[in-house]
> 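I'd like to ask you about the structure that follows.
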Amino acid sequence: MMLLPSPQQLRYLVALADHGHFGRAASACAVTQSTLSAGLIALERQLAAALLERGGVVKRPVFTPLGLELVARARTALAALEAVAETAATARDPLSGPLRLGVIPTIGPFLLPRLMPALRAAYPRLRLWLREDLTDRLVSGLEAGKLDLLILALPAAGAIETLPLAADPFRLALPRGHHLAARDPVPVSVLSGERMLLLEDGHCLRGHAEAACGLPRGLSDASEDGFAATSLHTLVQMVAGGLGITLLPQLAIDAGVVGDAPVELRRLEGSAAPARMLALAWRPRSPRAAEFAGLAPAVAAALA
């Protein structure tokens, strides 16, 4: 009978790949460095294969090609084992215990203040751990089993299952006194040649705004001159300072992102109402899929 690796050995292997350092990997696994090293050596002997390159002066762990392949398989195996436990826990007490929720920066600050109190009241046994990050990193965390559920904007690439919740319309933000402020709605076609301020690369809102509004080619993107923002609050202040115009989602506007800044908001006119679609996302075939879908009405209500 083949001797199989233990879950703990697989955790050691994945932790070392994630942290790139024996000491940090050991801390993440709540063991000593010698225990982790011994566990990996035992795994190599058990498999009769080298997973790490040894010798030389390189102090950081270097995986062999086989080691890298087994790291990927170890992630899948651990996710499957966790799914077994999650399935049993869900059957015993749905929407309880820890839930690792990821949310993108252009949604989190504006939705969570309304959503969190509602979830605490409706599901008092649910313990939410939050992570705010860019879409690509959140999806990677979801696929790796580090997150359970995401709130993001579509489209989003990755091995995920999504449940659309609500459309979030875009509004045009202009400096006070801007010549386009005399029009409401403002045709998308007249934006050509305007100095458009966008979030820096990596923020999905940048692409969503361009796609949703059908922004014409040749649109002057001020970020090409080094002007870009990492948050909607910063974009508002840049617009208020007369650096250009931008697009803001209604969710952020309703939450007060403009504040008392000298900014004027106008609707956009196009073939369809320019908007992004907000959604929940989880791993395909997740044992908690029904739970996550059950949360959708509460999230949609907070978005309304």
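What you see is a predicted model; the values in this text were computed from it and never measured. Both backbone and side-chain heavy atoms feed into the values below; hydrogens, waters and symmetry mates do not.
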> With a 4.5 Å heavy-atom cut-off, do Val103 and Leu112 have their side chains touching?
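A side-chain contact under 4.5 Å exists here.
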> For Arg114, enumerate each residue passing the salt bridge (charged side-chain N to carboxylate O under 4.0 Å, His left out) test, keeping only those at least two apart in sequence or located in another chain.
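Here no residue qualifies.
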> With heavy-atom distances below 4.5 Å as the criterion, would you say the side chains of Leu115 and Val299 are in contact?
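A side-chain contact under 4.5 Å exists here.
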> Among all residues two or more places apart in sequence or in another chain, which pass the salt bridge (charged side-chain N to carboxylate O under 4.0 Å, His left out) test with Arg171?
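So Arg171 forms no salt bridge (charged side-chain N to carboxylate O under 4.0 Å, His left out) with any residue.
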> Write out all pairs satisfying ring pair (Phe, Tyr, Trp, His ring centres under 6.0 Å) with one or both partners inside residues 273-304, taking only residues at least two apart or from two chains.
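Only Trp282-Phe292 qualify under ring pair (Phe, Tyr, Trp, His ring centres under 6.0 Å).
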> Checking the side chain of Asp133 only, and the main-chain atoms of Leu138 only, is there a donor and an acceptor separated by less than 3.5 Å?
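Looks like no, no N/O pair under 3.5 Å.
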> For residues 295-304, pull every pair meeting side-chain hydrogen bond (donor to acceptor under 3.5 Å, both in side chains), keeping only residues two or more places apart or in separate chains.
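As it turns out, there is no side-chain hydrogen bond (donor to acceptor under 3.5 Å, both in side chains) pair with a partner in residues 295-304 once direct neighbours are skipped.
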> If you count every heavy atom of other residues, nucleotides or ligands that lies below 6.0 Å from Arg73 atom CZ, does the total exceed 12?
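Incorrect, the count does not exceed 12.
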> I'd like to check the salt bridge (charged side-chain N to carboxylate O under 4.0 Å, His left out) partners of Arg183; sequence neighbours left out, ordered by chain and number.
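Not a single residue meets the salt bridge (charged side-chain N to carboxylate O under 4.0 Å, His left out) criterion with Arg183.
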> Restricting to non-hydrogen atoms, name the atom on Pro7 and the atom on Leu78 that form the minimum distance, rounded to 0.1 Å.
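Of all heavy-atom pairs spanning Pro7 and Leu78, the closest is O-CD2, 3.8 Å.
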> For Asp18, give me all partners under side chain to side chain contact (heavy atoms under 4.5 Å, CB included), at least two apart in sequence or on another chain.
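Here the qualifying residues are Val14, Arg75, Lys146.
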> Does any non-hydrogen side-chain atom of Val263 lie less than 4.5 Å from one of Arg176?
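Of all side-chain heavy-atom pairs linking Val263 with Arg176, none is under 4.5 Å.
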> Going by side chain to side chain contact (heavy atoms under 4.5 Å, CB included), name the residues that satisfy it together with Ala28, two or more places apart in sequence or in a different chain.
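Listed in chain order: His19.
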> Going by heavy atoms in the side chains, are Leu198 and Leu235 under 4.5 Å from each other?
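Result no, sub-4.5 Å side-chain heavy-atom pair not found.
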> Evaluate side-chain contact (heavy atoms from CB on, under 4.5 Å) for Ile245 paired with Val239, printing each intermediate quantity in order.
CA-CA 6 Å; Ile245 66 175; Val239 171; 5.5 Å; no
> Quick one: list whatever passes salt bridge (charged side-chain N to carboxylate O under 4.0 Å, His left out) with Asp184, sequence neighbours left out.
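Per chain and number, Asp184 pairs via salt bridge (charged side-chain N to carboxylate O under 4.0 Å, His left out) with Arg267.
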> Checking Ala281 now: which residues fulfil side chain to side chain contact (heavy atoms under 4.5 Å, CB included) with it, not counting sequence neighbours?
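Counting only residues at least two positions away or on another chain, Ala281 forms a side chain to side chain contact (heavy atoms under 4.5 Å, CB included) with Leu150, Leu152, Ile160, Thr162.
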> Among all residues two or more places apart in sequence or in another chain, which pass the side chain to side chain contact (heavy atoms under 4.5 Å, CB included) test with Ser6?
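Checked Ser6 against side chain to side chain contact (heavy atoms under 4.5 Å, CB included); matches are Gln8, Gln9.
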> Is the backbone N or O of Gln33 less than 3.5 Å from a side-chain atom of Ser37, with the two atoms forming a donor-acceptor pair by type?
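Yes; judged by distance alone, with no hydrogens or angles, the pair exists.
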> Just to verify, what does Arg266 make a side-chain hydrogen bond (donor to acceptor under 3.5 Å, both in side chains) with, not counting sequence neighbours?
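Arg266 satisfies side-chain hydrogen bond (donor to acceptor under 3.5 Å, both in side chains) with Glu264 only.
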> Any side-chain heavy-atom pair from Asp168 and Ile107 closer than 4.5 angstrom?
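Not touching, per the 4.5 Å side-chain cut-off.
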> Identify which one of Leu251, Leu248, Leu232, Val257 satisfies the side-chain contact (heavy atoms from CB on, under 4.5 Å) criterion when paired with Thr106.
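Exactly one candidate clears the test, Leu232.
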> With sequence neighbours excluded, tell me which residues meet ring pair (Phe, Tyr, Trp, His ring centres under 6.0 Å) with His233.
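Only Phe110 meet the ring pair (Phe, Tyr, Trp, His ring centres under 6.0 Å) criterion with His233.
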